[in-house]
2 protein chains.
Amino acid sequence: MMSTADTNSVPERKRGSGVKMVYDLLRDEILDLVLPPGSPIDEVQLAERFKMSRTPIREALVRLAGEGLIDTLPNRSTMVSNIDFLNMHTYFDALVLMYRVTTRLAAEHHRLEDLQVIHAHQADFAKAVEAQDALAMIATNAALHSAIAEAGRNPYFTGLFNRLLNEGRRLLRLYYQSYDDRLPQRFVDEHEDMIKVIAARDVEAADRLAKEHAEQIVDQIQKLFKRGGHLSIAL
Amino acid sequence: MMSTADTNSVPERKRGSGVKMVYDLLRDEILDLVLPPGSPIDEVQLAERFKMSRTPIREALVRLAGEGLIDTLPNRSTMVSNIDFLNMHTYFDALVLMYRVTTRLAAEHHRLEDLQVIHAHQADFAKAVEAQDALAMIATNAALHSAIAEAGRNPYFTGLFNRLLNEGRRLLRLYYQSYDDRLPQRFVDEHEDMIKVIAARDVEAADRLAKEHAEQIVDQIQKLFKRGGHLSIAL
DNA sequence: TGAATTTTATTTGTCGACAAGAAATCGACA
DNA sequence: TGTCGATTTCTTGTCGACAAATAAAATTCA
């Protein structure tokens with residue numbers, strides 16, 4: 001009865017925290033491509049891994065399915081959902097529009113305290129670029145734009161936009177991975193300009209810069225696809 | 001071994017159908033205000049009502065919570081979420097934009113078969129208006145705009161838009177209930193015009209008409225709020 | 001009487017087990 | 001040997017029961 005010595009590390013989780021833990025972790029692993037599209041999700045395996053029953057695992061999976069991050073074959077299996085490369089332009093159309101609308105609204109409705117938050121995120125992004133840390137760039141870039149959206153004070157748009165950023169996070173990850181050092185510096189400057197016009201409450205300029213910023217990103221990614229032909233990801 | 005004769009009335013549901021049934025029904029009851037905001041949702045009660053375990057009930061509730069239709073107080077209770085009257089203008093901003101963008105895209109990308117579907121929904125809507133059936137008007141109007149969005153062929157926008165339509169369905173219901181007979185005829189005409197310019201692939205006109213259509217609705221609802229002061233709904 | 005504290009009650013979160021469904025495996029027959 | 005059918009296996013969906021957390025009720029004490 002001694003091998004239980006290490007098993008003593010029973011997590012001792014609190015009551016409602018199990019699902020959130022599983023949800024957050026799976027979500028991150030999916031969005032960071034640790035679990036590439038098509039990876040099978042096994043409930044029992046997860047249950048063992050987290051030392052809990054299948055019930056909370058299941059709840060986390062239902063949530064992930066609700067966000068389209070996993071696909072569930074009835075009675076059969078569940079797996080990480082595919083990245084839809086074919087309809088990718090539709091995603092970018094949506095992303096560009098949301099970039100524009102959130103930035104525009106931020107110029108209209110931001111308050112002073114918002115600018116501080118935005119500046120902080122921008123600093124984080126610049127730091128990530130300088131450190132050439134692709135993963136950090138993704139996270140801080142998303143955080144920055146999310147903060148801008150928050151400043152626009154429209155919960156429907158922010159919810160929408162965050163959802164879109166998440167759905168695209170896997171794509172963006174590919175992008176940042178390929179151009180992992182040189183180009184992002186341009187983003188820092190573009191962000192700087194956007195923040196300036198937001199602070200100046202110049203709505204039209206904000207709209208224009210956001211559009212250019214977004215379309216530049218889209219261009220780069222599409223160039224990437226043309227060059228690479230296809231990507232080193234299991235579909 | 002025959003007293004099971006009456007027990008024979010077991011629903012005999014199929015395996016995966018329970019959650020969908022509960023989800024659909026609760027969703028409809030919430031959106032149609034049969035369950036007004038604030039109504040408590042009792043798991044055991046639902047379990048008895050549908051003669052099933054709490055597990056599938058719970059899964060349905062998790063989904064509904066994911067769509068924001070119910071709020072869950074940890075360890076305590078779950079209830080139908082409130083309609084946010086304070087930030088309503090933010091909802092309308094989002095709705096107007098989505099009306100515009102989906103209609104515009106429909107003008108750009110629709111195919112012949114889409115028009116038939118759209119026309120069918122428009123006929124349904126006209127019929128509902130003629131019959132002065134408020135509930136049918138809501139359903140058919142949503143179906144029409146949803147079909148237009150589908151014709152735009154951008155799944156991100158259609159998903160977003162449908163979500164928005166659902167979130168606003170409770171509000172729209174109030175609207176249609178008050179102006180339950182005269183005004184909607186105008187919508188029939190406006191819809192007719194919108195469909196015409198979509199068919200003609202006149203993108204700019206589609207955008208303009210959608211904007212006017214949406215803003216007219218918003219105007220009417222806001223007039224309603226000014227007149228009524230507040231609404232006969234338990235917050 | 002009123003406030004603080006213990007007790008009870010109700011509802012949720014979690015568990016282990018069982019049954020149904022579908023694919024994979026095996027076997028019979030042509 | 002190939003095909004069809006039965007069987008096995010493996011995963012999911014559902015169930016009933018228990019434990020934790022919180023609110024309400026009851027009790028104690030000043």
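Order of the sequence lines sets the chain letters (A, B, ...), proteins ahead of strands, with each chain counted from 1.
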Notebook entry, point to check: Less than 4.0 Å between a side-chain N and a carboxylate O, is that true for E67(A) and R63(B)?
Noted result: no
Check: In residues 53-64 of chain B, which residues come under 4.0 Å of DNA chain D by heavy atom?
Finding: S53(B), R54(B), T55(B), P56(B)
Note to self: When you compare the side chain of R170(A) with that of I30(A), does any pair of heavy atoms fall below 4.5 Å?
What the structure shows: yes
Note to self: Short of 4.0 Å, heavy atom to strand atom, which residues of residues 40-47 of chain A count as contacting DNA chain D?
What the structure shows: I41(A), D42(A), E43(A)
Item checked: Side chains of N162(A) and S146(A), donor plus acceptor under 3.5 Å -> yes
Margin query: Can you tell me which residue among L115(A), I148(A), L105(A), I118(A) is in a side-chain contact (heavy atoms from CB on, under 4.5 Å) with H110(A)?
Written below: L115(A)
Margin query: As a test of reading the structure: which of dA19(D), dC15(C), dT10(C) is closest to the side chain of R76(B), going by heavy atoms?
Written below: dT10(C)
Check: Hey, which of these two, V19(B) or R15(A), hits DNA chain D nearer its 5' end, going by closest nucleotide?
Finding: V19(B)
Item checked: Pairwise distance CD(E43(A)) to CD1(I57(A)) - rounded to 0.5 angstrom -> 8.5 Å
Next item on the list: Supply the atom-to-atom distance Y156(B) OH to D93(A) CG, rounded to the nearest 0.5 angstrom.
Entry: 11.0 Å
Checklist line | Close side-chain approach of L61(B) to T72(B), heavy-atom, < 4.5 Å | finding: no
Notebook entry, point to check: Over how many whole Å does the gap from L73(B) atom CG to dT12(C) atom P extend?
Noted result: 10 Å
Check: With distance as the sole criterion, is a donor-acceptor pair present between the side chains of H121(B) and H191(B) under 3.5 Å?
Finding: no
Item checked: Nucleotide dG13(C), atom P - distance to CZ of F50(A) in whole Å -> 19 Å
Item checked: Contact nearer the 5' end of DNA chain C, comparing M52(A) with T78(B) -> T78(B)
